[in-house]
Amino acid sequence: KAGVTQTPRYLIKTRGQQVTLSCSPISGHRSVSWYQQTPGQGLQFLFEYFSETQRNKGNFPGRFSGRQFSNSRSEMNVSTLELGDSALYLCASSSEGLYEQYFGPGTRLTVT
Amino acid sequence: AQSVSQHNHHVILSEAASLELGCNYSYGGTVNLFWYVQYPGQHLQLLLKYFSGDPLVKGIKGFEAEFIKSKFSFNLRKPSVQWSDTAEYFCAVKNNNAGNMLTFGGGTRLMVKP
């Protein structure tokens, strides 16, 4: 099976802009979770989608949002980018039954 | 809110030395526990997991971990490390009331000298 794929792999944006990141889960996986990884804060949970519904949400401002499509692909959006949003954004998928999560390679976002 | 602590931020070992990385979590309910590894330039990979049953779990590449419920700990061990084990290691906890949300520890950077 192909692994979790994320696009784009690298992105450079300017403060105030918005950005959309995409994640394709492993085939058959219906749960997609997003995490932010930074040197200072480590790995932090953003949100989880299951069957097109947000099931959990981490402690991030409303500028961070996401959605999931009927084919389980997911997108996350960050509006009004701030310098502090520079991070590696990881997507993880898992199968029904809350098994372990498989991570993608991440999207490296740099905000200038 | 649950939290995860990894006591060692940086560890340097020589090849063939034994490894133990500490992980403690705070949550009183039922948890699932994981160790992930991130090799340089690669994505997070699952090393091992504990869901239930035998508290001593074995993972890939000779790693094992022991769940001690009374100590809220899930320490990672390997009897003899190799240079190729150089990586960052993350402990993570999932509680059964929060879907698939993982709470990660801060990570431990392991460097193995050849």
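Letters A, B, ... mirror the listed sequences (proteins, then strands); counts begin at 1.
When heavy atoms are compared at a cutoff of 4.5 Å, L90(A) approaches chain B solely by way of its side chain, counted from C-beta outward. Only the side chain of Y35(A) comes within contact range of chain B, judged by heavy atoms closer than 4.5 Å.
Here the closest non-hydrogen pair linking V4(B) and C23(B) is CG1-SG, 3.7 Å. What you find for S14(B) and V81(B) is that their closest heavy atoms are O-CG2, 3.6 Å.
Note on I60(B): it clusters hydrophobically with V57(B), by side-chain heavy-atom contacts below 4.5 Å among ILVMFWY residues.
Interface summary for chain B: among Q44(A), K57(A), Q37(A), the most heavy-atom pairs under 4.5 angstrom belong to Q37(A).
In this structure the side chain of Y89(B) reaches within 4.5 angstrom of the side chain of W35(B), judged on heavy atoms. Using a 4.5 Å cut-off on side-chain heavy atoms (C-beta onward), R15(A) and D85(A) make no contact.
There is a side-chain donor-acceptor pair under 3.5 Å between S26(B) and S3(B).
Ring geometry for Y36(B) versus F103(A): interplanar angle over 60°, hence perpendicular rather than tilted (30 to 60°).
Residues of residues 37-49 of chain B lying under 4.5 angstrom from chain A, judged on non-hydrogen atoms, are Q38(B), H43(B), L44(B), L46(B), K49(B) in numerical order.
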